[in-house]
Amino acid sequence: DAMVIQNPRYQVTQFGKPVTLSCSQTLNHNVMYWYQQKSSQAPKLLFHYYDKDFNNEADTPDNFQSRRPNTSFCFLDIRSPGLGDAAMYLCATSRDGGYYEQYFGPGTRLTVT
Amino acid sequence: GENVEQHPSTLSVQEGDSAVIKCTYSDSASNYFPWYKQELGKRPQLIIDIRSNVGEKKDQRIAVTLNKTAKHFSLHITETQPEDSAVYFCAASRQGGKLIFGQGTELSVKP
């Protein structure tokens, strides 16, 4: 049974055209994370929500925004995608952050043309 | 800032041999150390984790050891199989903190 679901799995967008990626979870975890992963690099944390509290990483570009309307859903908005934003975007959830396992979704592969 | 160093970056072994991947962390308050396996194009999946109140944990062919004094932890895979081929990431975090990932190790198991 899928626990962390991401849609779409593949997204193609044009340079500068806004795009939204979605994540939903059935685990009722209070922490949700968005990561960007390129090639075989480690996932790079963009931001996370602890319940409704938003935590942005210092080096996350302003081009990236996020919304969490309820416990189950979280969205990643890229306002003006550039070629350098092409990557795999991973959503993850955790029961309480830090000390507990993070469950990753299957990811959305973003292509920017 | 917090940092996790992982070595080696690539590792090639013969099927049946053992593989060892090592990580060192900088934040002495870290108390949770997971290991993720990521196959090409797929999500990272937790294969084993250890918390700072134990020094070793084993699950079938996989084991992790932790040395808190040296701030060092290692993944050991015995009797490797071709399906063990993947990228492995170590990570460290503190209570309520975020995961700090190592750079990854690409493991290749040759039949």
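Below, read A as the first sequence line, B as the second, and so on, with proteins coming before strands; counting in each chain starts at 1.
If you chain together hydrophobic residues whose side chains sit under 4.5 Å apart, A:L21 and A:F64 fall into the same group. When the side chains of ILVMFWY residues are joined at heavy-atom separations under 4.5 Å, either directly or via intervening members, A:F73 and A:W34 end up in two distinct hydrophobic clusters. Follow the hydrophobic side-chain contacts under 4.5 Å out from B:V20 and you never reach B:V87; the two are in separate clusters. A continuous path of ILVMFWY side-chain contacts below 4.5 Å connects B:I62 to B:V109, so both sit in one hydrophobic cluster. Hydrophobic clustering of Ile, Leu, Val, Met, Phe, Trp and Tyr side chains at less than 4.5 Å, counting indirect connections, unites A:L90 with B:L99.
For A:K38, the NZ atom sits in a packed shell: over 12 heavy atoms of surrounding residues, nucleotides or ligands are nearer than 6.0 Å. Residue-environment remark: CZ (B:R61) exceeds the threshold of 12 foreign heavy atoms within 6.0 Å. The local environment of CD in B:Q60 is sparse, with at most 12 non-hydrogen atoms from other residues, nucleotides or ligands closer than 6.0 Å. Heavy-atom neighbours of A:Q11 CD from other residues, nucleotides or ligands within 6.0 Å: above the threshold of 12. By the 6.0 Å contact criterion, CG on A:D59 is enclosed, its count of non-hydrogen atoms from other residues, nucleotides or ligands being greater than 12.
Taking each heavy atom of B:G97 and A:Y33 in turn, the nearest pair found is O-OH, 4.5 Å. Between A:A42 and B:G102, the closest heavy-atom pair is CB-O, 3.3 Å.
Between chain A and the residues B:A92, B:P44, B:S30, B:G41, the most heavy-atom pairs under 4.5 angstrom are made by B:P44. Heavy-atom pairs under 4.5 Å with chain B were tallied for A:A92, A:S94, A:G105; the largest tally goes to A:G105. Contact tally against chain A (heavy-atom pairs below 4.5 Å) for B:R51, B:Q38, B:Q103: the top residue is B:R51. Each of A:E57, A:H48, A:K44 has some count of heavy-atom pairs under 4.5 Å with chain B, and the biggest count is that of A:E57.
For B:P34, no part lies under 4.5 angstrom from a heavy atom of chain A. Contacts between B:Q6 and chain A at a heavy-atom distance below 4.5 Å are absent for every atom of the residue. Using a 4.5 Å cut-off between heavy atoms, A:Q41 contacts chain B through its backbone alone, with no side-chain atom that close. Neither the backbone nor the side chain of B:F33 comes within less than 4.5 Å of any heavy atom in chain A. Within the 4.5 angstrom heavy-atom criterion, no atom of A:Y50 approaches chain B. Neither the backbone nor the side chain of A:Q6 comes within contact range of chain B; no heavy atom of the residue lies under 4.5 Å from a heavy atom of that chain.
With rounding to the nearest 0.5 Å, the separation of CE in A:M88 from CZ in B:R43 is 10.0 Å. For the atom pair NZ (B:K98) and OH (A:Y35), the distance works out to 9.0 Å, reported to the nearest 0.5 Å. B:F101 CZ to A:Q37 CD: the interatomic distance, rounded to the nearest 0.5 Å, is 8.5 Å. With rounding to the nearest 0.5 Å, the separation of CG in B:L46 from CZ in A:F104 is 9.5 Å. Interatomic distance, A:Y100 OH to B:Q95 CD, rounded to the nearest 0.5 Å: 6.0 Å.
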(request) Just do the side-chain contact (heavy atoms from CB on, under 4.5 Å) check on A:E101 and B:Y32 with the steps written out, would you? (result) CA-CA 9 Å; A:E101 178 181 354; B:Y32 176 63; 3.8 Å; yes

